[in-house]
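Below is one structure, written out as structure tokens; comments come after it.
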There are 2 protein chains.
Amino acid sequence: MQARSTKLMKAPKRKARAKTGVRMPRAERREQILTHAADFFAEYGLTGQTRELATACGISQRLLYRFFPTKAALQAEVYARTILGPFEGAWLGNLTDRKLPIKQRLTDFYGNYYDKVLTRRWLRLFLYSSLAEGDMAPNYISAILVQLLETIVDEACFELKLEPPGEQDFKRELGWNLHGTISHLAIRRHIYHGPHTVPHARMIKAHVTSFVAGLPVVLEESNPPNGE
Amino acid sequence: MQARSTKLMKAPKRKARAKTGVRMPRAERREQILTHAADFFAEYGLTGQTRELATACGISQRLLYRFFPTKAALQAEVYARTILGPFEGAWLGNLTDRKLPIKQRLTDFYGNYYDKVLTRRWLRLFLYSSLAEGDMAPNYISAILVQLLETIVDEACFELKLEPPGEQDFKRELGWNLHGTISHLAIRRHIYHGPHTVPHARMIKAHVTSFVAGLPVVLEESNPPNGE
DNA sequence: CACATTTGTCGTCAACTGACGACTTATGAG
DNA sequence: CTCATAAGTCGTCAGTTGACGACAAATGTG
């Protein structure tokens, strides 16, 4: 089909070039690519093709390689921004502000976490990455999460006048009760495309309530009267 | 590079054939392929290559196409068996056996569910499929899940002498509290490769306890004294 | 033993895909 | 206006990948 044979043809004919769409300063274009790439790979997975990504960006495929040496390098930067980025900053925020009731602190925190972190883009990218490899930078994430989980349990125990579990691992697992439920709420919405009839804010509140109400019972049950 | 030109060459030379490994009856070979394919696609995703799958099976790539017309057809059957299969049968089992305390019923059920359904293979395949498309057969799954969730909440309410929520959607969401936490426990283990220091049986018990203890409080809070 | 049937492999094609050399065009400083 | 430079595209290569025609070897029936 293609005349790619002879190789002698000088081909003096010039094909009409695409009219160089919009010309952009380097930094801005780079930014635009990264933004589109985040959405693109989140939707189609890390195996999504560079040609399709370029089309989504409205540029030629070649131009991608003017900014990133390889596809993997581009994905690494997307990951760093989209996944790692939102985790930084003062996440624990007012979670430790003991002037506020724990239920309100948790509801506020997870309302924010759900909106800012557990987005479609974040979740899908995170899952695609987690599935593809053992890790990409899970240490960083898990370090922050461990901190979060312990804080949650400690703060809840403080308000409830309970002794937090001595076992670190078990304490974290208790935190996962709430964190897992809310993460799964987002997974159902963004990955499984489940119905979303009940507003998530209402369910976050309900899950926080259940967590705080269940904690004393779980602690008592797992920590029999006859001290260890 | 390749001599794909002349097309006249009769090529009378024969290369030594692979010694036809093990010869197997059709049905058995088919079974073997499906088994390996489930693990293979679960590990490497639906974009895993047929050549590598064939190698994993210890057969030639061509042989796959003696049993399945296309890669997609093979994957569809893998999905039907691995994902849909475990959901069939009397799953609700003794969940409705009111002679047993609800906590024991839930602990038994989810202990079994975690071991039989939430396996590495099942979870990874399910996630890869869910991410790849809006659905593959989610209706079937969600129909069963809805049934399960309602049963859980109804049974828990019965034992606690509480009125189940009138809103169907909200009732299901309450069931997701427990179901989501346990699903997420498996996701952490099989997808995120988180540490698994606390035995899952212990955590399932704790989560069931938390759920049952939290339910009355959630119901009361969401259903203000002043009737609707 | 002969041979039809079934099980299995080789080799190849066409489309796909990451990467990149060669080239074109817009922009702005002098 | 001129030209260096940066922004952008075309075309192509080499390796990959789903699919399949042609052929080979094991099996068992008469």
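Just so it is clear, the structure is predicted and the values come from calculations on it, not from any experiment. Proteins get letters first, then strands, A, B, ... in listed order; numbering begins at 1 in each. As a basis for the values below, the full set of heavy atoms in this structure was taken, side chains included, without hydrogen atoms, waters or symmetry mates.
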What is the separation between atom [atom1] on [X] and atom [atom2] on [N], rounded to the nearest whole Å?
X: R26(B); N: dG8(C); atom1: CZ; atom2: P; answer: 9 Å
X: F68(A); N: dG8(D); atom1: CZ; atom2: P; answer: 13 Å
X: Q75(B); N: dG18(D); atom1: CD; atom2: C1'; answer: 11 Å
X: M24(A); N: dT25(C); atom1: CE; atom2: P; answer: 20 Å
X: L63(B); N: dT6(C); atom1: CG; atom2: C1'; answer: 11 Å
X: I59(A); N: dT24(C); atom1: CD1; atom2: C1'; answer: 17 Å

**Prompt:** What orientation do H200(A) and H196(A) show, parallel under 30°, tilted 30 to 60°, or perpendicular over 60°?
**Reply:** parallel
**The single option from R189(A), R202(A), R188(A) passing salt bridge (Lys or Arg N to Asp or Glu O under 4.0 Å) against E173(B)** = R188(A)
Using a cutoff of under 3.5 Å, can you pull out all pairs of nitrogen or oxygen atoms linking the protein to nucleotides 18-20 of chain C, with atom names and distances?
unit_1	atom_1	unit_2	atom_2	d
dG18(C)	OP1	K71(A)	NZ	2.8
dG18(C)	OP2	T50(A)	N	3.0
dG18(C)	OP2	T50(A)	OG1	2.9
dG18(C)	N7	R51(A)	NH1	2.8
dG18(C)	O6	R51(A)	NH2	3.0
dA19(C)	OP2	Y65(A)	OH	2.7
dA19(C)	OP2	K71(A)	N	2.8
dA19(C)	N7	Q61(A)	NE2	3.1
dA19(C)	N6	R51(A)	NH2	3.2
dA19(C)	N6	Q61(A)	OE1	3.1

**Complete:** With the side chain defined as heavy atoms from C-beta on, R23(A) is closest, among dC23(D), dA26(D), dT25(C), to dT25(C)
**Message:** Under 4.0 Å, heavy atoms only, any strand: does R66(B) hit a base, just the sugar-phosphate, or nothing?
**Reply:** base
**Asked** Applying ring pair (Phe, Tyr, Trp, His ring centres under 6.0 Å), which residue pairs with at least one partner in residues 52-71 of chain A are found, sequence neighbours left out?
**Response** none
**Item:** Toward the 5' end of DNA chain D, by each residue's nearest nucleotide, S60(A) or E52(B)
**Value:** S60(A)
Could you give the side-chain donor-acceptor pairs of residues 33-42 of chain B under 3.5 Å, partners two or more places apart or in another chain?
unit_1	atom_1	unit_2	atom_2	d
T35(B)	OG1	E31(B)	O	3.0
H36(B)	ND1	Q32(B)	O	3.0
D39(B)	OD1	R121(B)	NH1	3.1

**side-chain hydrogen bond (donor to acceptor under 3.5 Å, both in side chains) partner of Y110(B), the single match among H179(B), K205(B), R105(B)** = H179(B)
**Asked** Do R172(A) and D169(A) meet the salt-bridge criterion of a basic N to acidic O distance under 4.0 Å?
**Response** yes
